[in-house]
Amino acid sequence: SSMEVVLHYRPHQNDLIKLQKFAEAAVKDFPIRQLPRFAPWFPNDLHSLPLKPKKQAPVISYEEVEELKQLSPPSEYVTGSPDYDCTKNLLEFHSSMKHGPTLIQAQAVHRAINLDCQGEPPPNGKQKLKRSWSVSLPRAKLREKIHPLSQELQNNLERLKLHAFCRAKWTIEQSLCKNQNLEDIWVKLNRLIKQNELPSCNATIQRSVGQIWIFCDILYCEYVRNILREKLSLTDKMNLLVHKYGIIFSL
């Protein structure tokens, strides 16, 4: 049996003797290690197994097999393309390229492709993320400032059978910001969370949809809403959402 070997090499690496040795080493047979005889670590007697199936395995008739073949079309197997060339799009293997600028030009092309895929970065050189997170610090000492939940919210929790420590979400949109930018609101919100003024809160800005999501325990949701109204000047009504329950409260 014959074997066809295709060797790709860079234009500046054209030493035929080295290339021949490299190709011979690549197709050289691997050393075969004789495996020891397998010895099972359990009794290999099928008749003495402690557990046996109660019923025999089901048997499919020839007619049922033919029906299944008609219901499902035969799958097409891909055997691979004989013209596959892994160096087709690599500029460093191109015959018109010289050794000096080859890698530099290839890196420049790859860098340009990455910029096209990711979008043009801002002028300051920092890539603008579409989503960011801010997480609160644990053990906030705000118990004396937090009042009991309103009667309306308590009634909703009893009706939906929700616990006070269930997570809920406030949503801030650009329409609530009035004269402020959503990014400015996000900066102020980050400062509030890092200063531990919003208990049990973590927040994320979803720039793709123009929203800021603030997650907190229902126990602190009214207190968090009052802080947002006071510190961020959000006067319009906001909806409190719980996963799988939708809007459960408005404030």
Non-neighbouring partners of [X] that pass side-chain contact (heavy atoms from CB on, under 4.5 Å), sequence neighbours left out:
X	answer
Gln13	Arg10
Asn181	Gln174, Glu183, Asp184
Val187	Arg191

Inset, instruction - Dump the intermediate steps for side chain to side chain contact (heavy atoms under 4.5 Å, CB included) on Ile185 and Ile205, then the final yes or no. - result: CA-CA 10 Å; Ile185 294 292; Ile205 179 171; over 6 Å; no
Can I get a per-line list of side-chain donor-acceptor pairs under 3.5 Å for residues 158-168, giving both atom names and the distance, sequence neighbours left out?
{"residue": "Arg159", "atom": "NH2", "partner": "Asn156", "partner atom": "OD1", "Å": "3.4"}
{"residue": "His163", "atom": "ND1", "partner": "Phe165", "partner atom": "N", "Å": "3.0"}
{"residue": "Arg167", "atom": "NH1", "partner": "Ser200", "partner atom": "O", "Å": "2.7"}
{"residue": "Arg167", "atom": "NH1", "partner": "Asp217", "partner atom": "OD1", "Å": "2.9"}
{"residue": "Arg167", "atom": "NH2", "partner": "Ser200", "partner atom": "O", "Å": "3.1"}
{"residue": "Arg167", "atom": "NH2", "partner": "Asn202", "partner atom": "OD1", "Å": "2.5"}
{"residue": "Arg167", "atom": "NH2", "partner": "Phe215", "partner atom": "O", "Å": "3.3"}

List for me each residue that meets side chain to side chain donor-acceptor pair (under 3.5 Å) alongside [X], sequence neighbours excluded, and say none if there are none.
X	answer
Lys188	Gln180
Gln211	Glu173, Trp213
Ser233	none

Inset, instruction - Can you tell me which residue pairs pass the salt bridge (charged side-chain N to carboxylate O under 4.0 Å, His left out) test with a partner in residues 232-241, sequence neighbours excluded? - result: none
Legend entry - Nearest-0.5 Å distance, SG of residue Cys201 to OH of residue Tyr220: 10.5 Å
Inset, instruction - Find the distance between CG (Leu251) and CG (Leu153) and round it off to the nearest 0.5 Å. - result: 9.0 Å
Of all heavy-atom pairs between [X] and [Y], which one has the smallest distance, and what is that distance?
X	Y	value
Trp170	Cys221	NE1-O, 3.3 Å
Leu232	Leu189	CD2-N, 4.2 Å
Ile193	Ala203	CD1-CB, 3.8 Å

Hey, does [Y] have a side-chain heavy atom less than 4.5 Å from the side chain of [X]?
X	Y	result
Ile214	Ile212	yes
Val242	Lys169	no
His8	Val6	yes
Ile172	Met238	yes

Legend entry - Short side-chain donor-acceptor distance under 3.5 Å, Asn226 and Glu230: no
Inset, instruction - Apply the test side chain to side chain contact (heavy atoms under 4.5 Å, CB included) to residues Leu240 and Thr171: give CA-CA distance (whole Å), side-chain angles for both, the deciding distance (0.1 Å), then the verdict. - result: CA-CA 8 Å; Leu240 184 69; Thr171 302; over 6 Å; no
Inset, instruction - Scan for side-chain hydrogen bond (donor to acceptor under 3.5 Å, both in side chains) pairs involving residues 241-251, sequence neighbours excluded, and state none if there are none. - result: Asn239-Ser250
Inset, instruction - Using atom types as modelled and distance alone, determine if a side-chain donor or acceptor of Glu197 lies under 3.5 Å from a backbone N or O of Ile227. - result: no
Inset, instruction - Report the C-alpha distance between Arg207 and Trp186 in whole Å, list the side-chain angles of each, state the deciding distance to 0.1 Å, and finish with yes or no for side chain to side chain contact (heavy atoms under 4.5 Å, CB included). - result: CA-CA 11 Å; Arg207 294 184 174 90; Trp186 175 244; 4.2 Å; yes
List, one per line, each side-chain donor-acceptor pair under 3.5 Å for residues 14-25, sequence neighbours excluded.
{"residue": "Asp15", "atom": "OD1", "partner": "Ile17", "partner atom": "N", "Å": "3.2"}
{"residue": "Gln20", "atom": "NE2", "partner": "Glu24", "partner atom": "OE2", "Å": "3.3"}

Taking only distance into account, with no hydrogens and no angle test, what donor-acceptor pairs under 3.5 Å do side-chain atoms of residues 53-63 form with protein atoms, sequence neighbours excluded?
{"residue": "Ser61", "atom": "OG", "partner": "Glu64", "partner atom": "N", "Å": "3.4"}
{"residue": "Tyr62", "atom": "OH", "partner": "Glu66", "partner atom": "OE2", "Å": "3.1"}

Inset, instruction - Starting from Ile247, walk the hydrophobic network (Ile, Leu, Val, Met, Phe, Trp, Tyr; side-chain heavy atoms closer than 4.5 Å) and list everyone else you reach, by chain and number. - result: Leu241
